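Since the model is a prediction, treat every value here as computed from it, not as a measurement. Letters A, B, ... mirror the listed sequences (proteins, then strands); counts begin at 1.
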2 protein chains.
Amino acid sequence: MPSSNSVRLEDIARQLRISVATVSRALSGDARVKAATRELVLQTAAQMGYVPNSVARGLRKGRTYMLGVLIPKYDDAFFVEIVKGVEHAARSRQYKVLIASSEQSYQRERESTQMFQQGGVDGLLVCLCKETRRYQHFEQLIKRNIPIVQFDCVSKTLASDRVTTDDVLGARQAVDYLLNSGRRRIAYLGGPAQLEGYQNRLRGYREALQAAQIPYDEQLIVHSDHGARAGDMEVIANFLKKLQPLPDGIFASNDLLAILAMKSLKRMGLKIPEDIAIVGYGNSPFSTIYEPALSTVFQPAFEMGEQATQLLIERIESSDNESPLPFQDLTLPTYFIQREST
Amino acid sequence: MPSSNSVRLEDIARQLRISVATVSRALSGDARVKAATRELVLQTAAQMGYVPNSVARGLRKGRTYMLGVLIPKYDDAFFVEIVKGVEHAARSRQYKVLIASSEQSYQRERESTQMFQQGGVDGLLVCLCKETRRYQHFEQLIKRNIPIVQFDCVSKTLASDRVTTDDVLGARQAVDYLLNSGRRRIAYLGGPAQLEGYQNRLRGYREALQAAQIPYDEQLIVHSDHGARAGDMEVIANFLKKLQPLPDGIFASNDLLAILAMKSLKRMGLKIPEDIAIVGYGNSPFSTIYEPALSTVFQPAFEMGEQATQLLIERIESSDNESPLPFQDLTLPTYFIQREST
DNA sequence: GATAAAAATGTAAACGTTTGTATTATCTTT
DNA sequence: AAAGATAATACAAACGTTTACATTTTTATC
């Protein structure tokens, strides 16, 4: 039994002895209603504590003013920052945001997408989880006219806008800095290699070396799959112990790896940055906590969330138009942050 | 113009030459529809790719199966963990979650509450922001039969369930540990003193001392308002420098303060834990990153989110009942985590 | 002051479900 | 095979808006 204990248009209408339609129009600022009536309606509505029922409106208009955002995980300041950006942009355009995390599971990604669809979102912001190889669950939304904007971890095969950060550039900035400060033997600590972002970071690393005419050396490369932290620590420690001669610089593809490397180096009795300089990636909160504070590459996560949301809203609101906008592919620049580790 | 490009009950009904009502009942597992028909409907629905329109259902049933969650900020692993718990519990009961952050602003708290209300949530989970002193925006929801569950930072004057962690206990666990390891002169680093949680931590500190028959010494107490990190650092450093004789233990009311203290102590050339043992509060991700790893008090944030959500859903689903459930006031236990700093 | 034009308001249908009640089909029982 | 009981289905209203279209009121023009 629907509990209609709140004020409806009808209540206002009855109170003022006018029709529901006029009340509705007054409230939505329709020019066809007399200024005096509008005032009266606005006043009465406020006084009676009217709050529009957006479920009803949603049904009628085919719009819910809700956006879904699907991230791979919550325990990562990067994604949290993105969500902040999303909420910020959504709020300023009067959209609400539904949230879910796939926890890096394809299965849950599908479930959540389904949930968003039946929850009636007007559009979806999504960062693919690393297991994802098939995209029908997203294509289904698109077919139903629910636009998608991908961010960070994206697929080129989906008909959607995309917003990413320039990981090649970011890595170049990091490695260039090391090179400019005189380092020549620079190791690379890689994260999950199947992720495109990490591939790009490696690419940036190679490009930087190439530009400085330093040959690429396989021995200086290691990948850690970033499962348990203890596992990563072991991989890194082993890698560093075996490396002869030691590098004079390290570029880690994320801040956590950088910190694990610093921990290893400290235990080996090495000084940072004197003996070995180190740069991380992502500007995670960890980077300022650890000692020495980690130099790193800033990724504009908040801005990414904002821009993606803006694109999405534009696409939603232009969907009545016959001529569809072409898909955009935004790449946001990164920048280097110098701290104590270099 | 509502875009009805998706399959509706009517489409299935027409296809099978039966009525919409029967389709609806078949789908919802009503016993009154013949097994054969139900099968047929289920099959056709799946095949046509039917996805129920929950906006329409929401309008009819007066239920949206959406929960709102309002936190004071995103940049805090504690709240993120709570959101994870909320999503987990919500998902298992088929609820969706709308999210917003007040960013510690009373104004934004009100706006978000309003947004949730007009977004049609069935209930609201809320952690009060530290500015909040008046509660009419919440009372308004309650009056409209939208139940609220408060967590962490709560007001006793609101008619709602509450879930908190036992901060007095947590502080006692921390200080007891220091006392049991032979420390006698224990300093207290306080956070924002207006927050009840912090008052309770101080209380726990005092109770622990009292139980050990150690007099409470005002000189060992400092509060930092936790604005900018640099500001906190200065307050703490000054406090420690002036303190004569130095304490042999420190209990910090949150992990960040603990780490700032450790940084200060290291600069003063002191050894942790040999010279001074230190315990933080909250088990933030920082606590395992810093060296030495910080002993701390674990707060069951995920569980808090889960429990609060469960309470909320129960209240929502029992709201048809004439006899209202009494409000619950859950307090979850904390526990001490021993690491390198003690 | 009659008429046309413009402005303001009203009527009713629609959005896609769910559900109380009415109707029809099927089965029992005699 | 007629009656009643029961099972299965259909009809139609309702949820609170928005909006196309119809109607009434006001204003302007002669």
Side-chain angles (χ1 to χ4, degrees), chain A residues 1-41 44-45 48-66 117-120 122 144-145 320, chain B residues 1-41 44-45 48-66 117-120 122 144-145 320:
Chain A
M1 48 193 67
S3 64
S4 59
N5 42 359
S6 46
V7 188
R8 295 151 306 151
L9 289 185
E10 198 191 326
D11 301 316
I12 301 177
R14 186 172 14 227
Q15 172 98 267
L16 297 175
R17 295 170 205 285
I18 58 180
S19 79
V20 177
T22 308
V23 177
S24 171
R25 286 196 264 256
L27 254 19
S28 67
D30 190 308
R32 290 180 313 191
V33 26
K34 191 162 49 166
T37 325
R38 177 168 34 246
E39 273 319 304
L40 209 56
V41 169
T44 331
M48 295 176 77
Y50 172 73
V51 176
N53 178 330
S54 68
V55 175
R57 159 185 295 165
L59 180 58
R60 174 61 227 234
K61 308 243 298 187
R63 284 267 180 86
T64 57
Y65 290 88
M66 281 192 330
Q117 178 178 352
Q118 79 109 305
D122 289 342
R144 301 239 158 114
N145 264 332
D320 315 329
Chain B
M1 46 194 69
S3 64
S4 59
N5 43 359
S6 45
V7 188
R8 294 153 305 152
L9 288 184
E10 197 191 327
D11 301 313
I12 301 177
R14 188 173 12 231
Q15 172 97 271
L16 298 175
R17 295 171 204 286
I18 59 180
S19 79
V20 178
T22 306
V23 177
S24 170
R25 290 194 172 104
L27 254 20
S28 66
D30 191 306
R32 289 181 314 194
V33 25
K34 193 165 44 170
T37 326
R38 176 169 35 245
E39 273 319 303
L40 208 57
V41 169
T44 329
M48 296 176 78
Y50 172 73
V51 176
N53 178 328
S54 67
V55 176
R57 160 183 293 164
L59 180 57
R60 173 62 227 229
K61 308 240 302 185
R63 284 272 177 84
T64 58
Y65 291 87
M66 279 190 335
Q117 179 178 166
Q118 79 110 304
D122 289 343
R144 301 238 158 118
N145 263 332
D320 313 330

For this session: Starting at atom CG of A:L9, determine the distance to atom P of C:dC15, rounded to an integer number of angstrom.
Result: 19 Å
What nitrogen or oxygen pairs link the protein and nucleotides 9-11 of chain C at under 3.5 Å?
residue	atom	partner	partner atom	Å
C:dT9	OP1	A:T37	OG1	2.8
C:dT9	OP2	A:K34	N	3.0
C:dT9	OP2	A:T37	OG1	3.2
C:dG10	OP2	A:S19	N	2.6
C:dG10	OP2	A:S19	OG	3.0
C:dG10	OP2	A:T22	OG1	2.9
C:dG10	N7	A:R25	NH2	3.0
C:dG10	O6	A:R25	NH1	3.4
C:dG10	O6	A:R25	NH2	2.4

Problem set entry | Non-hydrogen atoms of A:L9 and A:S24 that approach each other most closely | CD1-CB, 3.8 Å
Exercise. Taking atom P of C:dG20 as reference, at what distance in whole Å does atom NZ of B:K61 sit?
Worked result: 11 Å
Exercise. Expressed in angstrom and rounded to an integer, what is the separation of B:R57 atom CZ from D:dA14 atom C1'?
Worked result: 16 Å
Exercise. Below 3.5 Å, does any donor atom in the side chain of B:R60 face an acceptor in the base of C:dT17, or the other way round?
Worked result: no
For this session: Heavy atoms only: give me the nearest B:T22-B:T37 pair and the separation to one decimal.
Result: CG2-CG2, 4.3 Å
Exercise. Under a 4.5 Å cut-off applied to non-hydrogen side-chain atoms, are B:M48 and B:I12 in contact?
Worked result: yes
Problem set entry | Atom pair distance, as rounded to whole Å: CG in B:N53 and P in C:dA14 | 17 Å
Exercise. Of the non-hydrogen atoms in A:D30 and A:R38, which two are nearest, and what is the gap between them?
Worked result: O-NH1, 3.1 Å
Exercise. Measuring from B:D11:CG to B:L16:CG, what's the distance to the nearest 0.5 Å?
Worked result: 11.0 Å
Problem set entry | Interatomic distance, B:D11 CG vs C:dC15 P [rounded to whole Å] | 11 Å
Exercise. Should A:Y50 be listed as having a side-chain N or O under 4.0 Å from OP1 or OP2 of D:dG16?
Worked result: no
Exercise. B:R63 has an atom CZ; how far is it from atom C1' of C:dT17, in whole Å?
Worked result: 16 Å
Exercise. Can you tell me if B:S54 uses its side chain to pair, donor with acceptor, with the backbone of A:Q118 under 3.5 Å?
Worked result: yes
For this session: Report the distance from atom CG of A:D30 to atom P of D:dA20, rounded to the nearest whole Å.
Result: 10 Å
Problem set entry | Minimal non-hydrogen separation, B:A13 against B:V20, with atom names | CB-N, 3.8 Å
Exercise. Of all the nucleotides listed (D:dT18, C:dT19, D:dC15), which has the minimum atom distance to the side chain of B:L59?
Worked result: D:dC15
Exercise. Through what angle, rounded to 10 degrees, does the axis of the helix from C:dG1-D:dC30 to C:dT30-D:dA1 turn between its ends, using five pairs per end?
Worked result: 50°
Problem set entry | Separation of atom OH in A:Y65 from atom C1' in D:dT18, rounded to whole Å | 12 Å
Exercise. Can you list the steps and then say if B:V41 with B:I18 is a side chain to side chain contact (heavy atoms under 4.5 Å, CB included)?
Worked result: CA-CA 10 Å; B:V41 169; B:I18 59 180; 3.9 Å; yes
Exercise. If you look at every heavy atom in A:R144 and B:G49, which pair is closest and at what distance?
Worked result: NH2-O, 2.6 Å
